[in-house]
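Read the structure below first, then the notes.
Counting convention: from 1, in listed order, for ligands and their atoms alike. Worth saying up front: this structure is predicted, and the values here are computed from it rather than measured.
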Amino acid sequence: MSNDPKNGSTDNPASSNFLRGIIEDDLASGRHANRTDKNGQPLPQVVTRFPPEPNGYLHIGHAKSICLNFGLARDFDGRCTMRFDDTNPTKEEQEYVDTILDSVKWLGFGWKDASGDHLYFASDYFDQMYAMAEYLITAGHAYIDSQSADDMAKNRGNFGEPGKNSPFRDRPVEESLDLFRRMKAGEFKDGEHILRAKIDMASPNMNMRDPAIYRIRHAHHHRTGDKWCVYPMYDFAHPIEDAIENVTHSLCTLEFQDHRPFYNWVLDHLAEGGFFKKPLPHQYEFARLNLTYAITSKRKLLQLVEEKIVDGWDDPRMPTIVGIRRRGYTPEAIQLFTDRIGVAKADSWIDMSTLEGALRDDLDAKAPRATAVLRPLKLIIDNFPEGETVECSAPVHPHHPERGNRSFPISRELWIEQEDFMEVPSKGYFRLFPGNKVRLRYGYVVECVGADKGADGNVIAVHCTYFPDSKSGTEGSANYKVKGNIHWVSAAHALEAEVRLYDRLFTDAHPDAGGKDFKQALNPNSKEVITAYLEPGLSSAQPDEKFQFERHGYFVADRIDSKAGKPVFNRAVTLKDSWGK
Ligand code: ATP
Ligand code: MG
């Protein structure tokens, strides 16, 4: 499979993106050619935007949208603006603005180019939006409704039943304009009046039944402070934001399909009023990402954090970008994942194993190898001289000899995995059991001679003898044919470290589907903290550095809790997909 985003969908049937076809057609027809911005500067023919509301942390679904919007702009020599859709004053905070920018940058995208810095805040357009709303009133396309919220809801009708006109619908333009100005001046309480577009209360599309466009909200805004007490509704603000930023292809998730007629209504009427030139932005809908064994609703993720079910937004089990980053995901793995899932027009579920597979594929090629004993058992080599050590060496990466070798000592006492010894072997078991020989990977061949047991009958140490002429990489090693090959670390030299074994947060593939209580589906084993013995060289692991612990999986030095010389490791993903097997 090609990972080159420039190749797009053409040579890769597994990853299709219908939006590329639309953009290619638009480029061929010159639909957005020869446009200039308000300063007369030429505009690219493809302008997209990533428009998060700064009301939470971004998650893997947003990553799809980021890779899509910024990726299309990059591939078609266009521009993607980074826009905060901060038109709702009550839920938004600077903390979220900062983490969102950080996440987009981490994924490898930026908003500055030769033409400038394309970081925008919808709240910077409030003056323009207000002026446009006044224009719509003047032109007879909008009116102030003074019905109670209850009456307004009742008169909206429903799917089978047309709505009823508000008794205020035909109030004189001057009266609406006066009321709107007084709303802005702060003369009324929240909900007393509302500005509505005058469209069609009988429209089969509920979104066209005189939708609200401006409401009173006495609230402090994180950027505009107390300047405003009227705020535009999302469906009115969004097309305006797109048009101001010269967006050509406005990509949103499928649930906005029914909002598209109003999107077009707003832009057509404002173009008529001379606010915008044609061609106007066009909205296209794509399938949102639904990931199994995860939830991607900001509200529910907030609940996990607030109820301390997880250890914060960046808990490595969270599907947030800060969480998966801490888990050990790379931007390249996420890009690979989004390329593989493609962009479709119908909603579907993507299996978590697709995300995990992308990480494995990315790290397999890159991550240096290391040895880690996670469930330690002592192995004593009875005939190895006490106090002596011999250096052993192993490749940093088996497929990249140019990356050289790592070395670590072997000595009389080692740590091995508990599962690599059986007092009474089961059928087909060819690791350590009394009388059997195995190779200590990158070291010697040993023969098991017995085990020590504690008072409770548990094995506390295994004994063996070694063959001094069997060392890996020496001529004598060829004389030993053994089936088992186990890993180990020297007990006196091992790095003792905290290792966090993470697993999926939920046991149900669709933890919140159909209104289910996702807290009933929590995986009680999603986090296990152990003390492990690691290859000594890992003491110099840097925060965020990833390794393959041979036979175990991919691990990352935790970016928050690792200290110099004392890394803490997170399991990013196991070597094989063993879930549900
Ligand atoms: P909320 O749940 O608060 O409405 P949201 O998930 O819609 O939030 P926004 O901040 O409005 O979040 O989203 C920013 C952009 O990310 C939007 O363009 C939205 O379509 C896109 N997006 C959000 N969730 C997903 C998802 N699961 N898959 C693909 N794109 C998504
Ligand atoms: Mg939203």
Side-chain angles (χ1 to χ4, degrees), residues 17-19 47-73 80-93 95-101 103-104 107 109 111 120-123 222 233-235 237-239 241-242 245 247 249-260 263 281-305 313 318-321 323-324 334-335 337-350 352 354-355 510-513 518:
N17 178 345
F18 73 97
L19 294 164
V47 180
T48 55
R49 85 287 173 262
F50 175 61
E53 203 185 332
N55 64 348
Y57 281 67
L58 298 183
H59 54 61
I60 184 73
H62 295 110
K64 173 178 175 177
S65 177
I66 292 168
C67 290
L68 179 63
N69 282 294
F70 283 97
L72 287 170
C80 179
T81 66
M82 175 69 228
R83 176 206 310 154
F84 285 100
D85 205 332
D86 58 353
T87 52
N88 184 356
T90 53
K91 295 186 296 178
E92 297 160 0
E93 287 173 31
E95 173 198 353
Y96 297 132
V97 170
D98 297 338
T99 166
I100 289 171
L101 291 178
S103 290
V104 174
L107 281 171
F109 298 106
W111 42 87
Y120 303 110
F121 290 84
S123 54
H222 77 120
M233 303 298 286
Y234 176 88
D235 278 347
H238 205 87
E241 295 157 19
D242 285 345
E245 292 169 20
V247 166
H249 301 79
S250 177
L251 315 179
C252 62
T253 44
L254 279 178
E255 64 271 25
F256 288 98
Q257 196 161 354
D258 287 346
H259 299 231
R260 189 175 356 117
Y263 181 99
H282 192 287
Q283 174 182 306
Y284 299 91
E285 304 87 18
F286 65 95
R288 68 186 292 115
L289 171 66
N290 297 309
L291 191 63
T292 60
Y293 300 99
I295 50 183
T296 48
S297 146
K298 280 186 202 155
R299 184 175 55 78
K300 292 175 189 168
L301 292 174
L302 179 66
Q303 201 181 334
L304 290 174
V305 173
W313 285 103
M318 288 284 271
T320 50
I321 297 185
I324 56 184
I334 294 172
Q335 181 77 59
F337 168 71
T338 56
D339 288 349
R340 284 181 180 173
I341 62 175
V343 181
K345 275 189 245 192
D347 276 328
S348 67
W349 285 84
I350 300 293
M352 178 66 97
T354 308
L355 180 63
H510 308 108
D512 60 347
F518 57 91

>> Any salt bridge linking Glu245 with Arg49? Criterion: basic side-chain nitrogen under 4.0 Å from a carboxylate oxygen.
In response: no
> Taking only heavy atoms of Pro52, which atoms of ligand 1 are found under 4.0 Å from at least one of them?
Replying inline: 10 (O), 14 (C)
>> Under 4.0 Å, counting heavy atoms only: does Ser297 come that close to any atom of ligand 1?
In response: no
> Between the candidates His62, Arg288, Glu53, His238, which shows the shortest non-hydrogen contact distance to atom 13 (O) of ligand 1?
Replying inline: His62
>> To check you understand the geometry: which heavy-atom pair defines the closest contact between Glu53 and Lys298, and what is its length?
In response: O-NZ, 3.4 Å
> Of the listed options (Asn69, Ile66, Leu289, Thr338), which comes nearest to atom 28 (N) of ligand 1 when hydrogens are ignored and any heavy atom counts?
Replying inline: Leu289
> Is the number of heavy atoms from other residues, nucleotides or ligands within 6.0 Å of NZ (Lys300) greater than 12?
Replying inline: yes
> Against heavy atoms of Asn55, which atoms of ligand 1 measure under 4.0 Å?
Replying inline: 3 (O)
> Within the structure, does Lys298 bring an N/O atom to less than 3.5 angstrom of an N/O atom in ligand 1?
Replying inline: yes
>> Would you say the ring centers of Tyr57 and His59 fall short of 6.0 Å from each other?
In response: no
> Does ligand 1 have an atom that lies less than 4.0 angstrom from a heavy atom of Arg299?
Replying inline: no
> Has Phe50 got any heavy atom lying under 4.0 angstrom from an atom of ligand 1?
Replying inline: yes
> Quick one: are the ring centres of His259 and Tyr263 less than 6.0 Å apart?
Replying inline: no
> Any idea which heavy atoms bring Leu58 and Pro52 closest together, and the distance?
Replying inline: CD2-CB, 4.2 Å
